[in-house]
Amino acid sequence: MPELPEVQSICKSLAESIIGEVIHRVIVRESGLRWEVDAPGLNRLVGGRCVSSIGRRAKYILVHLEGGVILMIHLGMSGRLGLHPSGSPLAKHDHVVFELGGGRELRYNDPRRFGMVEAFEKSHYWTHPRLVHLGVEPLEGEFEGEVLYRLSRKSRVAVKSFIMDARRVVGVGNIYASEALFAAGINPKTRAGRLGLSRCVRLVECIKEILNRAVLSGGTTLRDFANLDGGSGYFSEQLQVYGREGEGCPGCGSGIRRVVQSNRSTYYCVKCQR
DNA sequence: CGGGCGGCCTGGAGGC
DNA sequence: TGCCTCCAGGCCGCCC
């Protein structure tokens with residue numbers, strides 16, 4: 001589901017729709033997500049507080065509340081957030097409901113329950129166990145070719161696995177990893193430590209460009225991704241290799257291959273990606 | 001320690 | 001129609 005551009009898109013919608021709103025109460029209908037949802041804790045920390053801003057770290061959505069509390073939401077593979085009128089019928093898998101003012105509710109829906117919802121005091125941000133090990137943000141200036149080059153020295157893993165490793169760089173998911181490597185002309189199986197500086201520079205440029213373009217398109221819609229309003233993104237039309245096994249490579253026309261790396265599908269062109 | 005892999009879940013697609 | 005298998009965009013934690 002949501003990769004970084006999708007999460008970014010949802011953050012933008014959230015910022016436009018719930019900043020200044022008070023979260024009056026949190027109703028947990030199903031607490032068995034990736035981690036057990038602590039309903040009393042959520043209500044104690046979140047209940048009655050006003051949303052001051054929306055942030056993001058990797059694929060975690062950070063709802064900043066007045067008084068120094070952060071509500072952190074991860075959409076996992078199938079999570080969605082939606083704004084609904086209070087009292088409208090709940091959908092299957094609506095696990096957590098945030099009651100807002102003005103007769104509205106923000107609902108967290110997640111069929112596969114791989115996501116998470118929790119709240120903590122802002123002072124714990126820098127030591128939070130889910131955040132503390134995270135690497136650089138791919139769309140920030142801190143991520144550049146020389147950084148990737150330095151980080152990858154001595155690594156024997158395939159470059160695709162490397163750029164998907166959140167300890168190094170966050171937010172590069174399975175779809176965009178394939179797409180960025182195609183754009184950079186790099187074979188996904190190449191060991192990260194064997195990339196030269198110029199290829200690292202090129203790869204970082206491609207990662208940024210692909211992610212930025214996807215953000216502008218509102219994310220990629222495959223299966224269940226949807227924006228706050230239920231609308232979808234349009235980047236899927238621009239995917240060059242992902243999900244196109246057997247189709248002609250946009251560069252040379254030869255067949256796109258699918259291989260499995262670390263239990264994930266990788267799509268690439270044998271001729272264009274060396 | 002780095003790196004590979006299983007597991008968490010539901011549901012959609014496709015084969016028979 | 002149903003039953004089966006495979007597949008899915010994330011991430012942690014266990015293993016070597």
Side-chain angles (χ1 to χ4, degrees), chain A residues 1-10 29-37 56-61 72-81 91-96 108-118 128-135 138 151-181 188-194 207 210-211 214-215 217-227 232-246 258-267:
Chain A
M1 325 271 76
E3 293 210 34
L4 186 123
E6 289 76 8
V7 175
Q8 184 79 5
S9 174
I10 290 165
R29 306 178 68 241
E30 165 64 69
S31 63
L33 304 187
R34 183 68 163 84
W35 286 281
E36 194 68 14
V37 180
R56 175 186 68 70
R57 175 71 174 113
K59 292 172 190 159
Y60 293 96
I61 297 165
M72 183 161 87
I73 298 170
H74 197 292
L75 301 174
M77 298 251 280
S78 57
R80 292 187 191 196
L81 286 170
K92 193 175 181 184
H93 308 302
D94 275 344
H95 303 316
V96 183
Y108 175 85
N109 181 291
D110 186 4
R112 289 174 73 182
R113 309 212 303 267
F114 284 0
M116 59 157 290
V117 175
E118 74 161 271
H128 193 289
R130 309 270 165 265
L131 305 176
V132 74
H133 67 279
L134 295 175
L151 290 174
S152 61
R153 292 313 88 189
K154 296 184 192 163
S155 172
R156 295 173 57 79
V157 278
V159 59
K160 193 226 181 193
S161 301
F162 191 90
I163 60 175
M164 287 182 67
D165 183 342
R167 290 170 301 179
R168 277 54 180 252
V169 53
V170 301
V172 183
N174 202 40
I175 295 177
Y176 300 115
S178 282
E179 292 295 311
L181 288 163
K189 297 181 197 169
T190 307
R191 292 180 194 275
R194 304 207 55 182
I207 290 172
I210 298 272
L211 290 177
V215 169
S217 307
T220 306
T221 297
L222 294 183
R223 296 185 180 77
D224 3 46
F225 172 71
N227 213 321
S232 45
Y234 296 95
F235 194 72
S236 46
E237 297 154 20
Q238 296 182 47
L239 296 177
Q240 304 292 296
V241 289
Y242 186 85
R244 300 192 186 277
E245 182 180 17
R258 171 181 176 268
V259 293
V260 174
Q261 294 179 282
S262 307
N263 279 334
R264 316 303 297 276
S265 293
T266 301
Y267 298 86

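Not measured: the values here are computed from a predicted model. We name chains A, B, ... by the order of the sequence lines, and we start the count at 1 in each one.
- Note: CG (A/Leu33) to P (B/dC9) measures 10 Å, nearest angstrom.
- Between the CZ atom of A/Phe162 and the P atom of B/dG4 there is a distance of 12 Å, given to the nearest Å.
- Straight-line distance from the CZ atom of A/Arg258 to the P atom of C/dA8: 5 Å, rounded to whole Å.
- The A/Arg113 side chain lies nearest to B/dC9 when the options are B/dC9, C/dG10, C/dA8.
- Remark: C1' of C/dC11 and CD1 of A/Ile61 are 16 Å apart, rounded to the nearest angstrom.
- Closest approach to the A/Val157 side chain among B/dG4, C/dC12, B/dT10 is made by B/dG4 (side chain taken as heavy atoms from C-beta onward).
- Between A/Gln261 atom CD and B/dG3 atom P there is a gap of 14 Å when expressed in whole angstrom units.
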How far apart are the C-alpha atoms of A/Ser161 and A/Ser262, what are their side-chain angles, what is the distance that settles it, and do they pass the side chain to side chain donor-acceptor pair (under 3.5 Å) test? CA-CA 7 Å; A/Ser161 301; A/Ser262 307; 3.2 Å; yes
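- An aromatic stacking contact links A/Phe114 with the base of B/dC8, defined here by ring centres under 5.5 Å apart and ring planes under 30° from parallel.
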Could you provide the dot-bracket string of DNA chain C, using ( ) for intrastrand pairs, [ ] for crossing pairs and | for bases paired to another strand, with Watson-Crick or G-U pairs below 3.5 Å? .|||||||.|||||||
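- The side chain of A/His133 approaches C/dC12 more closely than any other nucleotide in the set C/dC12, B/dC8, C/dA8.
- Residues passing the side chain to side chain donor-acceptor pair (under 3.5 Å) test with A/Glu118 are A/His128, sequence neighbours excluded.
- Comparing C/dC14 with B/dC9, their P atoms are spaced 16 Å from each other, to the whole Å.
- No contact: A/Arg191 has no heavy atom under 4.0 Å from any strand.
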Check against salt bridge (Lys or Arg N to Asp or Glu O under 4.0 Å), A/Asp110 and A/Arg113: CA-CA 5 Å; A/Asp110 186 4; A/Arg113 309 212 303 267; over 6 Å; no
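- Contact annotation for A/Ser155: backbone-only contact, meaning every heavy-atom pair under 4.0 Å involves sugar-phosphate atoms and none involves a base.
- Between the side chain of A/Arg112 and the base of C/dA8, at least one donor-acceptor pair of N or O atoms lies under 3.5 Å.
- The side chain of A/Tyr60 approaches C/dC12 more closely than any other nucleotide in the set C/dG10, B/dG3, C/dC12.
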